> 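After the structure tokens below, expect a handful of questions from me.
For the numbers below, each heavy atom of this structure counts, side chains included, while hydrogens, waters and symmetry mates do not. Note on naming: letters A, B, ... go to the chains in the order of the sequence lines (proteins, then strands), and numbering restarts at 1 for each one. What you are looking at is a predicted structure, and each value in this text was computed from that prediction instead of being measured.
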Number of protein chains: 2
Amino acid sequence: MTQETQIEMNETLMAEARELDELWVRLSWTSHRRFEQELDRFNLTGPQFMALRSVHKCGNGCSMTELAGAAHQVSPTMTGIIDRLLERGLVERQRDPHDRRSLLVSLTDKGAAMLEAVAQQKRIRMAQFLAGIAPEERERIQQTLQQMLDFFAAEIVTTREEPVS
Amino acid sequence: MTQETQIEMNETLMAEARELDELWVRLSWTSHRRFEQELDRFNLTGPQFMALRSVHKCGNGCSMTELAGAAHQVSPTMTGIIDRLLERGLVERQRDPHDRRSLLVSLTDKGAAMLEAVAQQKRIRMAQFLAGIAPEERERIQQTLQQMLDFFAAEIVTTREEPVS
DNA sequence: TATTGTTATACTCTATAACTATA
DNA sequence: TATAGTTATAGAGTATAACAATA
């Protein structure tokens, strides 16, 4: 490959990247706002829903550290989120008998019902979307999103990056 | 189509919807957190970046109402965001001579440079993603995201939805 | 000493309600 | 009266620093 072709390819790639980034910014912001609107009916916030979902997935009780890690957050943030879910009786929190520094957070029946109601609403909306898509294209959509998730998940860092001037 | 087939199709659709929703929740949350990490290098928040981007697109000055609408936000929220950008000298705000109730918000040189630096970083990252995708699949990705954007954008409502018990 | 988690603090985003200025 | 925008207020999420309890 000549150097010229290399440069041309890079320019094409950058042009495509610019266009795709533009689309992605709009999609992710719109979806973010839409998501919060949906949750508002249940008096839940996005982080609260994500926390409920994580607690559900843990099964036999999550530690605060696990919950914070799952949400890519720092532990004092998760303390606040769980506190508010506790006040509303959606989760419960006990000491781990095997390590009394740790806590085990789990869903109450009320919390499980709330999570299921939200998940149901979200599934219905996604089904409405899929209904407008040709069946053979649905696989393609799943592939696309999975590729993006793999990329972004690998990019998440735990250390602060070098600030710009 | 028999009723049985109808039901079977709906179940298949709901199963696919469940799977896709699960993937989408993870992708959008991960991308959201990653986005904020990237912006942190510039001491910007997500809403601040979205506002800078909207101001840039308006060209000859945006009204506060336009900015709030573009971000699906309410105007006092945008007042706060723009106030902080003003303090940092990234935007300027003047009265509209044709209607002295309105304001015209525009980018300063510093704001334009900041926006360009962020956009550059985002384009590079998206190009890194695209570099791992076969060229013939890139079109497919764009189509997928566009379909999702069309769906979510249509779903955004301005009135509050019926709360759930 | 190291780990788990909370408290204290400060800042941003968010919405609603009340207000001012202009049309 | 209606519209554009801000101020006042309250609550949620976020991170950092300092702390307590347990290992």
> Using a cut-off of strictly less than 4.0 Å, decide whether Thr65(B) has a side-chain nitrogen or oxygen near OP1 or OP2 of dT3(D).
no
> Of the nucleotides dT7(C), dT14(D), dG5(C), which one has an atom closest to the side chain of Trp29(B)?
dT14(D)
> To the nearest Å, how far apart are Asp40(A) CG and dT14(C) P?
13 Å
> From CD of Gln73(A) over to P of dG5(C), roughly how many Å is that when rounded to an integer?
15 Å
> Indicate whether OP1 or OP2 belonging to dT12(C) is found under 4.0 Å from a side-chain N or O atom of Arg88(B).
no
> Round to a whole Å and report the spacing from CG of Leu86(A) to C1' of dG5(C).
14 Å
> Rounded to the Å, how far apart are Glu36(B) CD and dG13(D) P?
13 Å
> Any salt bridge linking Arg84(A) with Glu87(A)? Criterion: basic side-chain nitrogen under 4.0 Å from a carboxylate oxygen.
no
> Base, sugar-phosphate, or nothing for Gln48(B), non-hydrogen atoms under 4.0 angstrom?
sugar-phosphate
> Please determine, for the side chain of Ser102(A), which listed nucleotide (dT4(C), dA15(D), dT14(C)) has the closest atom?
dT4(C)
> Using modelled atom types and a 3.5 Å cut-off, is there a donor and acceptor pairing between side-chain atoms of Glu66(A) and backbone atoms of Ser63(A)?
yes
> Measure from CZ on Arg84(B) to C1' on dT6(D) and round the result to the nearest Å.
13 Å
> Using ring centroids (six-membered ring only for Trp), state whether Phe42(B) and Phe49(B) fall under 6.0 Å.
no
> Closest-nucleotide mapping onto DNA chain D: is Gly46(A) or Met78(B) further toward the 5' terminus? I mean the 5' end.
Met78(B)
> Does dG5(C) have OP1 or OP2 under 4.0 Å away from a side-chain N or O of Ser75(A)?
no
> Starting at atom CG of Leu44(A), determine the distance to atom C1' of dT14(C), rounded to an integer number of angstrom.
16 Å
> Taking the side chain of Asp83(A) as its heavy atoms from C-beta onward, which of dG5(D), dT7(C), dG13(D) lies nearest to it?
dT7(C)
> Of the nucleotides dT14(C), dT14(D), dT6(C), which one has an atom closest to the side chain of Met64(A)?
dT6(C)
> For Leu104(B) versus Pro97(B), what's the shortest heavy-atom pair and its separation?
CD1-CD, 4.3 Å
> Charged N to carboxylate O below 4.0 Å: is that the case for Glu92(A) and Lys110(A)?
no
> Glu87(A) has an atom CD; how far is it from atom P of dG11(D), in whole Å?
11 Å
> Contact class for Thr45(A) vs. all strands (heavy atom < 4.0 Å): base, sugar-phosphate, or nothing?
sugar-phosphate
> Please check if the distance between the ring centroids of Phe129(B) and Trp24(A) is under 6.0 Å.
no
> Which nucleotide wins on minimum distance to the side chain of Arg33(A), given the candidates dC13(C), dT14(C), dT16(C)?
dT14(C)
> Under 3.5 Å, is there a donor-acceptor pair between the Arg140(B) and Gln143(B) side chains?
no
> I want to confirm an ordering. Mapping His32(A) and Ser63(A) to their closest nucleotides on DNA chain C, which one lands closer to the 5' end?
Ser63(A)
> Between Thr79(A) and dG5(C), is there a contact of a side-chain N or O with OP1 or OP2 at under 4.0 Å?
no
> At a cut-off of 3.5 Å, list every protein nitrogen or oxygen paired with a nitrogen or oxygen from nucleotides 18-23 of chain D, distance to 0.1 Å.
residue: dA23(D); atom: OP1; partner: Arg100(A); partner atom: N; Å: 2.8

> Starting at CD1 of Ile81(A) and ending at C1' of dT14(D), how long is that distance when rounded to a whole Å?
9 Å
> So, Glu22(B) and Arg53(A), do they make that salt bridge, N to O below 4.0 Å?
yes
